[in-house]
Student: 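Below are the structure tokens for one structure; questions will follow.
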Amino acid sequence: MQTKIPEQIINSPQGKKADAILRSCVHCGFCSATCPTYQISGNELDSPRGRIYLIKSALENNEISQGTVQYLDQCLTCRACETTCPSGVDYGQLIDIGRELTEPHRPWWQKFYREAIRLFLTTPTLFNIAGTIFKHSRITTPKIKIKTSHTKVILLSGCVQPSLAPNINHVTKNVLAKLGIEILETTQNECCGALSHHLSAQQAALKQIKHNIDSWYALLESGYDNIISTASGCGVMVKDYPTLFEQTNPYYQKAVIVSEKTRDIAEYLLTKNISTLHVKTNTISYHAPCSLQHGQKLPGVTEQLLSQLGYQLSPITDAHLCCGSAGTYSIFQPKISKQLRENKIKYLSVNEPDFIVTANIGCLMHLSKGTKIPVKHWIELLDMD
Ligand code: SF4
Ligand code: SF4
């Protein structure tokens, strides 16, 4: 795609990046086939290609209408279009740039509402109060003591997960302890920055992210081997840290190390001998979060691990499509979000499983609101006494 972005924009780091991404798009439209919002509305402006054109117009002619804000808002940032695109268009980074451009054009009341939600979700004291009311799972098994330890890992606590579903990290710690791995859990204050980043609060996100990089890099230097994430939405953010800095920025190299050392829990366990782990004989349906299959580019990784653990997984129709959770999307776009959840639940329920399992707290909470089938993180299947 040819571009005519004005000099003053193209000379900025974001402008240069956006120009390169736009030029890699050959406007073939293949991406529309796997875009959930385009499938629902059939409107080109609700497709990846349509949004790419909107961002191009914003950059080239400063054309930003309320429609532009709306169609960019309606994007789930699920990145299914990246998986489908034959030209490797880095849509995830482009939509972030587009949102930064359009943010000043948002009505004041939307800005106020979004900022209130952001502050609520990223302030542990406030969220913990709500978390006690809406708690999804509780810890029911005792903590296992580690016997021998040759390996040390940092476990990302997550900011909302400890309040809503503390059992996920509890079971993860037990599983890792059983494998002889020492764990250091980060504090809830060390939020990965995803919520602020996706709500265009870039300064707040960067402050958080730089703090994390300093703290986790120092731990990696002191001998910790990996950073483990049990929420794929946090994992993808941490793995994407290097994209937030120019290569000349002092944080860039440290961000690369932090990113390279980060593993989703399924990705990590696949490199270990898991023959000592036991599961109960439940029937399950697995929902693959977009942040894992499209964002982290790890399609099939959890499925492979679950098969090794002895589960028989049936293929799920439209497994590549988002469930509608998508961070704060379900709060700001409830109609589309609900429709996507209904579709997802329908396909996940076909075999009448005992449990629906997933790999991200956002998907877990969102799906559980739409079904009577219990929804868990898959690691909770390894709950042991
Ligand atoms: S993003 Fe990729 S798939 Fe979509 S129109 Fe551009 S080149 Fe084609
Ligand atoms: S990120 Fe998802 S919703 Fe957004 S354009 Fe791509 S496929 Fe569509």
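Treat the numbers as computed from the prediction; the structure is a model and nothing was measured. Atoms within a ligand are numbered from 1 in the order they appear, just like the ligands themselves. Count residues from 1 along the sequence.
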Student: N/O/S atom of Cys25 under 2.8 Å from atom 6 (Fe) of ligand 1, yes or no?
Tutor: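 For Cys25, the answer is yes, given that an N, O or S atom comes within less than 2.8 Å of atom 6 (Fe) of ligand 1.
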Student: Taking 4.0 Å as the limit for heavy-atom contacts, which would you say applies to Thr84 with ligand 1: side chain only, backbone only, both, or neither?
Tutor: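 Neither; no heavy atom under 4.0 Å.
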Student: Got a salt bridge between Arg106 and Asp73, using NZ or NE/NH1/NH2 to carboxylate O under 4.0 Å?
Tutor: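 A salt bridge links Arg106 with Asp73.
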Student: Is a donor from one side chain sitting under 3.5 angstrom from an acceptor on the other, for Ser229 and Asp264?
Tutor: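 There is no such pair between these side chains.
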Student: Does Tyr251 have Lys254 sitting over its ring (NZ/CZ under 6.0 Å from centre, angle to axis within 45°)?
Tutor: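 Pair Lys254/Tyr251 counts as cation-pi.
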Student: Which residue owns the protein heavy atom closest to atom 2 (Fe) of ligand 1, what's the atom, and how far is it?
Tutor: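 Of the protein heavy atoms, Cys85 SG, 2.3 Å lies nearest.
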Student: Going by the atom numbers of ligand 1, which of them fall below 4.0 Å from some non-hydrogen atom of Pro86?
Tutor: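 What qualifies from ligand 1 is 3 (S).
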Student: Heavy atoms only: which of Leu94, Asp90, Leu22, Val26 lies closest to atom 7 (S) of ligand 1?
Tutor: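 Looking at heavy atoms only, the winner is Val26.
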Student: We want to know whether Ser32 and Arg49 form a side-chain donor-acceptor pair, criterion being a heavy-atom distance below 3.5 angstrom.
Tutor: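 Ser32 vs Arg49: no donor-acceptor pair found between side chains.
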Student: For residues Gln74 and Gln70, is any side-chain donor paired with an opposing acceptor at under 3.5 Å?
Tutor: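 The answer is yes; a qualifying pair exists.
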Student: Which of the atoms of ligand 1 are close to Ile52, meaning less than 4.0 Å from one of its heavy atoms?
Tutor: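 By the 4.0 Å cutoff, the relevant atoms are 1 (S).
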Student: Can a donor-acceptor pair be found between the side chains of Thr186 and Ser157 at a distance below 3.5 Å?
Tutor: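 The criterion, which ignores hydrogens and geometry beyond distance, is not satisfied for Ser157 and Thr186.
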Student: Cut-off 3.5 Å, side chains only: do Asn273 and Ser275 have a donor facing an acceptor?
Tutor: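 Indeed, the side chains of Asn273 and Ser275 share at least one donor-acceptor pair under 3.5 Å.
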Student: For Lys111, is the NZ atom crowded, meaning more than 12 foreign heavy atoms sit under 6.0 Å from it?
Tutor: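 Yes, enclosed.
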Student: Find all atoms of ligand 1 within a distance of less than 4.0 Å from any non-hydrogen atom belonging to Gly29, and give their numbers and elements.
Tutor: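 Heavy-atom distances to Gly29 below 4.0 Å select 5 (S), 8 (Fe).
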Student: Name the closest protein heavy atom to atom 8 (Fe) of ligand 1, giving the residue it belongs to and the distance to 0.1 Å.
Tutor: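 Atom 8 (Fe) of ligand 1 sits closest to the protein heavy atom Cys28 SG, 2.3 Å.
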Student: Just checking Lys297: does its NZ atom have more than 12 heavy atoms from other residues, nucleotides or ligands closer to it than 6.0 angstrom?
Tutor: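 Above 12, so yes.
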Student: Under 3.5 Å, is there a donor-acceptor pair between the Thr230 and Asn169 side chains?
Tutor: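 A donor-acceptor contact under 3.5 Å links the two side chains.
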Student: For Ser87, counting its heavy atoms only, list the atoms of ligand 1 lying under 4.0 Å from any of them.
Tutor: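 The list of qualifying atoms is 7 (S).
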Student: What atoms in ligand 1 come closer than 4.0 Å to a heavy atom of Val89?
Tutor: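 Answer for ligand 1: 1 (S), 2 (Fe), 7 (S).
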Student: Show all protein N/O/S atoms under 2.8 Å from atom 6 (Fe) of ligand 2, or state that there are none.
Tutor: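 Correct list: Cys81 SG.
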Student: Given the rule in the side-chain contact (heavy atoms from CB on, under 4.5 Å) test, do Tyr329 and His198 qualify, once you have shown the distances and angles that lead to the verdict?
Tutor: CA-CA 10 Å; Tyr329 192 91; His198 293 302; over 6 Å; no
